[in-house]
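In what follows, a structure is listed as C-alpha cells, so that the remarks can point back to it.
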Amino acid sequence: MNQPTSTTTTITSNNDNTLDLKERLLADSLFLLFNSTAHGVLSVLKQPITVITIHLQTRSQQQQEPNNLDTKQLTFERLTTIIKSKLLKLWTGSGISFVKESVNHLIGTLLLPFTKSLHSLLISKLNCNEIFSFLFSYSLNRFICYSIVAPLEILQVRNISKLNEFNNVNFSTVDNNVSDKKDENNDKKNKGMIVSLMEILKEKNYAQLYKSIIGSYILNILIYHCTYQTMNRLVLPIILPYISDDLLKSDSFRTIIKNGIQFISFLTSYPLQVIRRRLIVVNDSSDIKNNSDECDKKIVGMKELVKSIYVKEGMKGFYRGAVFSFVMNTTFTMLTDSMIKSVMSNGK
C-alpha cells in the first residue's frame, strides 16, 4: 500500500524539479534579454560620442584643413562645426547602434560558458600560458560576435561618414549639385535598416571588405589586451614598490592608475580602429554610379590605406579623435557605473 504513495511522491518531486528548472531558465533568459537591451539603450545614449568620433576618424586631411582656416584653430573649428551644424545630427544611426550592441552583448554572453571552458582547457590540458589562453579564448569570442554584427557597423559608419560631405559647404550661395547630393543621401537613409543591409551584403567586393575589417578588428583587440596585460603584470610590479602605502590605498590613485593603463592600451590599438572605419568608407560602392569600369575597381586593402594615410596625413592621421573618444567614453562609463551602483544600493 505504501508503494503507490512513494511513486506519487517521486513523480511530484520530479515535476517540481522540472518546474524549478523551467522557472530558472525563464528568469535567466529574461535577465539576458534585459541586460542586452540595457547595453543597446546605453549605446543610444552614447551615440553623440560615437557620431563625433566616427566623424573625426573618417574625414580626410583635405576636409579637415581647408585653405581659409588657421591650422591651430582646426580642432576648435571642427568641434563647433560638428555641434552646431544642422546637417550633422548627433543621434544619426542610433537605431543601428541599439541593434548592434544588443546583438553583440547577447551573443557574447551566450558564448561566455564556452569561452571560460576553452580558457580552462588551454591551461589545464595543453599547459598554455594564462595570458595566451585568455587572449585566444577572448579573441575567438569577439571574432564570432563581430562576424555577425560587422554588416551593422559598415552601415553605421557609412551613414555617419556621409554627413562629412556637407560640413565645408558655403551656404551663402546655392549649389544645385550639393542640393541634389543632399536629397540623394536622404533617400538612401530613408530606405530602412534591413534594405540597406541587404544592399551591403550584395555588393560585389563585400567579401574582401568583410575580411579586411574583421582582420583589423581582431588585431585591435589583441594589441589592446597585450598592452594592457603587459602594463598590468610586468610594468606595474616594477613601479609599485616605489609608491607609498598610503597612496596605494587611495581609491583616487587606483582609479588614475587603472585609467592610465587603459589609455596607453587604447592609444596602441586606436590606429586600427581608424583604419577599419576608413576601409569601410573608402570602399563604399554605393557611391559608385552605373559605370562598369568603376564597379570592377579593386577594393582598397589595409596596406594601401595605411600607406595613403601616412603619406597624406602623417602619424596624426591614425589618431584623429583619439583623445576626444577616450575622455568622453571614460567619463560616460564612469557616470553610468556610478548611477547603476547608486540605484542598486537604493534598491537594497
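The figures that follow rest on heavy atoms only: side chains count, while hydrogens, waters and symmetry mates do not.
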Selection residues 240-250 - residue pairs positive for salt bridge (charged side-chain N to carboxylate O under 4.0 Å, His left out), sequence neighbours left out: none
ILVMFWY cluster, I256 and V235 together (side-chain gap under 4.5 Å): no
Expected output: side-chain S338 to main-chain L335 donor-acceptor under 3.5 Å: yes
Side-chain heavy atoms of F98 within contact of T37, under 4.5 Å: yes
Nearest-0.5 Å distance, CG of residue D284 to CG of residue N159: 9.5 Å
F332 side, atom CZ; I49 side, atom CD1 - distance, nearest 0.5 Å: 6.0 Å
Pairwise side-chain contact, E203 with E199, heavy-atom cut-off 4.5 Å (strictly under): no
Spacing of CG belonging to N329 relative to CE belonging to M334, to within rounding of 0.5 Å: 13.0 Å
Other cluster members, L32 - Ile/Leu/Val/Met/Phe/Trp/Tyr, side-chain contacts below 4.5 Å: L106, L110
Salt bridge (charged side-chain N to carboxylate O under 4.0 Å, His left out) pairs, two or more places apart, involving residues 253-266: D251-R254
Any donor-acceptor N/O pair, T227 side chain to S265 backbone, under 3.5 Å: no
Closest heavy-atom pair and its distance - Y210, I148: OH-N, 4.4 Å
Heavy-atom closest pair, residues V300 and N283: N-OD1, 2.7 Å
Using a 3.5 Å cut-off and no angle test, enumerate the donor-acceptor pairs between side-chain atoms of residues 131-145 and protein atoms at least two apart in sequence or in another chain.
from: S133; atom 1: OG; to: H119; atom 2: ND1; distance (Å): 3.1
from: S133; atom 1: OG; to: N129; atom 2: O; distance (Å): 3.2
from: S133; atom 1: OG; to: E130; atom 2: O; distance (Å): 2.8
from: S137; atom 1: OG; to: S133; atom 2: O; distance (Å): 2.7
from: S137; atom 1: OG; to: F134; atom 2: O; distance (Å): 3.2
from: S139; atom 1: OG; to: L135; atom 2: O; distance (Å): 2.6
from: N141; atom 1: ND2; to: G108; atom 2: O; distance (Å): 3.4
from: N141; atom 1: ND2; to: T115; atom 2: OG1; distance (Å): 2.9
from: R142; atom 1: NH1; to: N104; atom 2: OD1; distance (Å): 3.2

Residues in side-chain contact (heavy atoms from CB on, under 4.5 Å) contact with L240, at least two apart in sequence or another chain: L236, I243, L248
Closest contact, heavy atoms only, I223 versus L272: CD1-CD1, 3.3 Å
Sequence-distant partners of Q229, side chain to side chain donor-acceptor pair (under 3.5 Å), two or more places apart: R233
N/O donor-acceptor pair under 3.5 Å between S212 side chain and Q208 backbone: yes
Minimum heavy-atom distance between C226 and T230, given as atom pair plus value: O-OG1, 2.6 Å
Rounded distance (nearest 0.5 Å) linking atom OG of S252 with atom CD1 of I257: 12.0 Å
Hphob cluster co-occupancy, F31 + L33, side-chain heavy atoms under 4.5 angstrom: no
N220 CG to S269 OG distance, which is reported to the nearest 0.5 Å: 4.5 Å
Single-linkage hydrophobic cluster, 4.5 Å side-chain cutoff, F114 and L121 together: no
From T333 atom OG1 to Q262 atom CD, the distance as rounded to the nearest 0.5 Å: 8.5 Å
Short side-chain to backbone donor-acceptor contact, W91 and Q47, under 3.5 Å: no
G40 backbone acceptor or donor facing S43 side chain under 3.5 Å: yes
T53 side chain reached by F324 side chain, heavy atoms, under 4.5 Å: yes
Apart from V327 itself, residues in the same hydrophobic cluster as defined by side-chain heavy atoms under 4.5 Å: V323
Heavy-atom pair with the smallest gap, counting every atom of G321 and L56: CA-CD1, 3.7 Å
Qualifying residues under ring pair (Phe, Tyr, Trp, His ring centres under 6.0 Å), relative to F266, sequence neighbours excluded: Y270, F326
Residues forming a ring pair (Phe, Tyr, Trp, His ring centres under 6.0 Å) with Y146, sequence neighbours excluded: Y217
Partner of K100 by side chain to side chain donor-acceptor pair (under 3.5 Å), out of Q156, E153, H105: Q156
F318 backbone acceptor or donor facing E313 side chain under 3.5 Å: no
For Q273, side chain to side chain donor-acceptor pair (under 3.5 Å) partners two or more places apart: Q57, R277
Hydrophobic cluster of L30, others only, ordered by chain and residue number, side-chain cut-off 4.5 Å: L26
Worked verdict on E304 versus R278 for salt bridge (Lys or Arg N to Asp or Glu O under 4.0 Å): CA-CA 11 Å; E304 296 94 328; R278 291 274 188 103; over 6 Å; no
Note, T109 side chain near N35 side chain (heavy atom, < 4.5 Å): no
N232 (side chain) donor-acceptor with Y228 (main chain) under 3.5 angstrom: no
Common cluster, I238/M231, ILVMFWY with side-chain heavy-atom separation under 4.5 Å: no
Beyond-backbone contact of L155 with M193, side-chain heavy atoms, under 4.5 angstrom: yes
Remaining members of the apolar cluster that contains L112, side-chain heavy atoms under 4.5 Å: none
Side-chain heavy-atom pair C128, I123 within 4.5 angstrom cut-off: no
I275 versus L305, closest heavy-atom pair with distance: O-CD2, 3.4 Å
Joint hydrophobic cluster, L234 plus L267, side-chain heavy atoms closer than 4.5 Å: no
